[in-house]
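All remarks here apply to the structure that follows.
Each chain gets a letter, A, B and so on, in the order the sequences are listed, and its residues count up from 1. Note that the coordinates shown come from a computational prediction; the quantities given were computed from them, not determined experimentally.
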Amino acid sequence: MDLSMLNPQQRLAAQTLEGPVLILAGAGSGKTRALTYRAANLIDSGVAPWHILCLTFTNKAAREMKERITALVGDQAEDAWISTFHSSCARILRRDIEKLGYARSFAIYDDTDQMSVLKELLKHLNIDEKYLPPREISARISDAKNKLQSPDEWFQKSARDYRSQQIHDVFVAYEKRLKELNALDFDDLLVRTLELFAQHPPVLESYRERFRYVMVDEYQDTNYAQYMLVRLLTAESGNLCVVGDDDQSIYAWRGADIRNILDFEKDYPNATVIKLEQNYRSAANILDAANQVIAHNEGRKDKKLWTEAEAGEPISVFCADNERGEAGWLVSRIKQYHSAGVPYNQIAVLYRTNAQSRVIEEMLVSAADPKIPYRIFGGLRFYERREIRDIVSYLRVLENPSDDMALTRIINVPKRSIGDSTVQELARHAREEGMPLYSALAMPPESLSSRPRKCVGDFLNLMNELLVLKETMGLTDFVEELLRRTGLKAQYEKEDTDEATARVENIMEFVGAVHEFEQQHPGASLADYLENISLVSDIDALSEDGGYVSLMTLHSAKGLEFDTVFITGMEEGLFPSGRSVQDEEKLEEERRLCYVGITRARRKLLLSRAHQRTLYNTPNYNPASRFLDELPKRLIKDESAVRDRAFRDMPAPVRPSRAPVSRSLVRPGDPLSIPGVQKGFSASPARALSGTAKPQFRAGDRVMHRKFGEGTVVGLSGEGMAARIRIDFIALGEKEFALSIAPIIKLEEES
DNA sequence: GACCATTTATTTTTT
DNA sequence: ATAAATGGTC
């Protein structure tokens, strides 16, 4: 194996094949390279590929690793298992889950499904949703499962009060119900696999024999169940190689236990520890900034990232008036970088919460000359859309007839006169007879009157026809036939609204996705496809060659890198989130998240915030994020207007035109407002400012020009009569005017 | 049983 | 502000 492409530490990692190995890999230190070479080296040294198991958190990481190993050793890499924890477990369970009393066609429930199950149970248990929100219960259940606790064990460790007792009862009912539905939630994939191993030692033994070499990526994000899984599998061979970075642990809220990586050397006393500390990704300024920020955390593993790279550009910091101004600035800078030669796919916009993407998207959409192609990852996921969930529910019922949740969803979609009362009656009957709802369709209760009985019969016939077709047709053809026979598509086609058109488009996109899946996985079954859509997220579809700007949360950005990275919403209460500021541990996790964000950037990093941000329809005035203060000033270029400095130690100026209490930004009677200039907007004239010398335009402001139309202020220069303003017009691009004569008015939307 | 109007909850991050 | 859920009416 030619390891000359590796630095000494990476080479050591690739050459240490036996025993436990801990690779502490700082951001951008080439850990994927080290891992792939190690896998290739294993194969090269005579280890059969099918003895190798690589576990990752995202499909993208798995795919990338598979591709890179294939590039080194060729197609034999196909025989290694390189996949996510969840997919690997699903694969193991598809084989042997019958030993646990489930059918192999089990469904995988996402949290929407989970929530419906919980709501249903609460209703039956007569518990008020306001007293015990399903959200909270699901969080508790997930916590318990991540720690491999049974409902009883969970209760023993809880407050053991009445409320916990009720949660316990729901938990028990939930487990029972899921089994009836022949469904597993995400956490179950791990839990049941471990259960299978615990109850059926020969199964565990066979996997131990098979996976003689196990590697785990992003080890800092493993929870207790994942830790146990890995531990069980490697207990005999001892060949476990984990890679991680305690500074990038950002999933504690989801059960990840940072101790897994911190205590690795205690768990595996003879472990070889290798540190990758040279960063190959970022310019020195960026790395410097990242190091400074993360240095504020305590209890870290000792490590110091260094680089041979040049200092590079300063880190830009910008403070806008509000989130629209922030997005406007963002858009103008994206245009600027793009025209300077940075391809769109090398630009990422990161934010703390998905909700922040909306305004950014609006501004990107309104940008013209050139238009900016973009893609939003996460957020409203494609498969969450109603019309898509409907199709998927049909498919799920056809695959797993026990799936009452899916069946209830589609039994009357499109409308076929099977109303709520009929469904309730069927469900009650099914419950009494202890059978799935689907069986109740064929054996309806005596009490059901003739008309609904007929409708149910028709529906059952339809489903039975589809069941036959499913076995005989190709996947894509089958889905198209299903859409035809059920009338799912026709339902929207006959409706002439924008919404319906969008739904039809989504349905067609879905068919396209099925087709693509079928191409990539010839001979794939419906079950394979359903598993794919349950376990694959849209971030997995991020491609290197797509010509678009990527918008995503900081969490989704983990493991990715871009030339130019924007981190928006650098405000206290947002990032770090308001829920973390009380708690030192949570705060440190936010800081690690910030570290992750900063280290995504190769060449240029830009941070922005807004004085005023409207979140959930309430205006907020957040001070600058403490993480901004933690950056060394020498690395920073503040691009804000002088009075808008991004740091909180410089107080925000008093704004006569802004009334923090007022919901409308410009009140009636405000000296600056001219009522009725344009419907839906308040306007203030450019000049005619009474006495006060306060300039009223700031970069990011939206303005209307008498001749050129709407635009965004991108810059101001000069003072007094010599003041000039630079505006990026939606229709015409950038133009500059003397402020004193420009026929422009400021636009402010009224809420 | 279907449809419309009103009310209500949602707001961190996700495999 | 928005979308989903609920409730009342035809």
Side-chain angles (χ1 to χ4, degrees), chain A residues 55-62 83-90 108-112 114-116 119 129-130 133-135 138-139 142 145-146 184-190 218 221-223 225-226 249-256 350-359 362 377-381 384-386 412 414-424 449 451-452 455 499 531-540 552-559 569 573-581 586 589-590 592-594 596-597 613-620 663 749-751:
Chain A
L55 295 169
T56 64
F57 277 84
T58 66
N59 294 285
K60 185 172 190 291
S83 63
T84 64
F85 273 99
H86 291 86
S87 314
S88 301
C89 287
I108 298 171
Y109 273 17
D110 64 17
D111 46 37
T112 315
Q114 213 176 347
M115 221 56 81
S116 335
K119 282 182 181 166
E129 279 189 26
K130 281 176 191 129
R135 278 239 151 274
S138 82
S142 184
K145 288 186 176 180
N146 287 157
L184 303 190
D185 63 28
F186 282 132
D187 301 318
D188 280 338
L189 289 171
L190 287 146
E218 308 278 13
D221 286 329
T222 50
N223 60 34
Q226 288 159 333
S249 157
I250 55 175
Y251 284 108
W253 55 273
R254 212 171 73 188
L350 310 181
Y351 34 78
R352 179 65 236 270
T353 66
N354 277 308
Q356 288 166 254
S357 67
R358 224 197 68 226
V359 176
E362 279 169 19
F377 294 91
L380 299 159
R381 299 233 311 275
E384 312 254 314
R385 288 171 206 185
R386 201 213 310 171
N412 201 27
K415 301 262 152 57
R416 48 173 73 88
S417 297
I418 303 175
D420 224 26
S421 49
T422 307
V423 177
Q424 286 312 313
S449 53
R451 223 175 64 158
C455 297
E499 193 191 273
E531 186 164 311
N532 174 265
I533 60 180
S534 308
L535 298 179
V536 172
S537 72
D538 53 2
I539 197 83
D540 297 320
M552 65 183 78
T553 62
L554 286 148
H555 282 87
S556 318
K558 192 185 72 169
L574 186 63
F575 187 33
S577 107
R579 287 163 208 225
S580 64
V581 290
K586 287 183 179 161
E589 178 147 317
E590 295 283 307
R592 291 193 291 269
L593 189 56
C594 184
V596 167
R613 180 179 301 274
T614 305
L615 270 177
Y616 318 120
N617 205 27
T618 30
N620 293 76
R663 282 174 60 108
E749 281 182 52
E750 281 180 0
S751 46

Is it the case that A:S534 and A:E531 place a side-chain donor and acceptor less than 3.5 Å from each other? no

With the side chain defined as heavy atoms from C-beta on, A:R352 is closest, among B:dT14, B:dT12, B:dT15, to B:dT12

To the nearest angstrom, the CZ-P distance between A:R135 and B:dT12 comes to 9 Å

Rounded to whole Å, CG of A:D187 lies from C1' of B:dT14 at a distance of 11 Å

Worksheet item: Contact class for A:F57 vs. all strands (heavy atom < 4.0 Å): base, sugar-phosphate, or nothing?
Response: sugar-phosphate

Would you call the rings of A:H555 and A:Y251 parallel, tilted or perpendicular if under 30° counts as parallel and over 60° as perpendicular? tilted

A:D111 atom CG is separated from B:dT15 atom C1', nearest whole Å, by 10 Å

- Message: Please classify the nucleic acid contact of A:T422 as base, sugar-phosphate, or nothing, using heavy-atom distances under 4.0 Å.
- Response: sugar-phosphate

In whole angstroms, the gap separating P of B:dT14 from CG of A:D221 amounts to 13 Å

Taken to the nearest 0.5 Å, the spacing of A:Q356 CD from A:L574 CG works out to 4.0 Å

Taken to the nearest whole Å, CD/A:Q226 to P/B:dT15 is 13 Å

Margin query: Less than 4.0 angstrom from a charged side-chain N to a carboxylate O is my criterion; do A:E590 and A:K586 meet it?
Written below: no

Considering only heavy side-chain atoms of A:N412, the closest of B:dA2, B:dT15, B:dT13 is B:dA2

Quiz item: Checking A:Y109 side chain against A:F186 main chain: does a donor-acceptor pair fall under 3.5 Å?
Solution: no

Result for 5'-nearest mapping on DNA chain B, choosing between A:A355 and A:I418, is A:I418

The side chain to side chain donor-acceptor pair (under 3.5 Å) partners of A:T222 (sequence neighbours excluded) come to A:N260

Stems for DNA chain B (at least 3 consecutive Watson-Crick or G-U pairs, under 3.5 Å) come to B:1-10 with C:1-10

Next item on the list: Report yes if a side-chain nitrogen or oxygen of A:N223 is closer than 4.0 Å to either non-bridging phosphate oxygen (OP1 or OP2) of B:dT15; otherwise report no.
Entry: no

Of B:dT13, B:dG1, B:dT12, the nucleotide closest to the side chain of A:R579 is B:dT12

Whole-Å distance, A:Q114 CD to B:dT14 P, equals 16 Å

Phosphate OP1/OP2 of B:dT15 contacted by A:N59 side-chain N/O (<4.0 Å)
no

Those residues at least two apart in sequence (or on a different chain) that pass side chain to side chain donor-acceptor pair (under 3.5 Å) with A:Q226 are none

Those residues at least two apart in sequence (or on a different chain) that pass side chain to side chain donor-acceptor pair (under 3.5 Å) with A:R579 are none

Any side-chain N or O of A:K415 under 4.0 Å from OP1/OP2 of B:dC3? yes

Tell me whether the side-chain N/O atoms of A:T553 come closer than 4.0 Å to OP1 or OP2 in B:dT12.
no

Those residues at least two apart in sequence (or on a different chain) that pass side chain to side chain donor-acceptor pair (under 3.5 Å) with A:D185 are A:K145, A:Y174

Contacts of A:L535 and A:P452 projected onto DNA chain B by closest heavy atom; the upstream (5') one is A:P452

Regarding the side chain of A:Y251, the nearest nucleotide among B:dT14, B:dT12, B:dG1 is B:dT14

To the nearest angstrom, the CG-P distance between A:N146 and B:dT14 comes to 16 Å

To the nearest angstrom, the CG-P distance between A:L190 and B:dT14 comes to 19 Å

When all nucleic acid strands are considered with a 4.0 Å heavy-atom cut-off, which category describes A:S421: base, sugar-phosphate, or nothing?
-> sugar-phosphate

Of B:dT12, B:dT14, B:dT15, the nucleotide closest to the side chain of A:T353 is B:dT12

With B for base contact, S for sugar-phosphate-only contact and - for none (protein heavy atoms under 4.0 Å), nucleotides 2-10 of chain C reads ---------

Pair A:E589 + A:R592: basic N to acidic O under 4.0 Å:
yes

Checklist line | Stacked cation flag A:K558 on A:F57, 6.0 angstrom / 45 deg | finding: yes

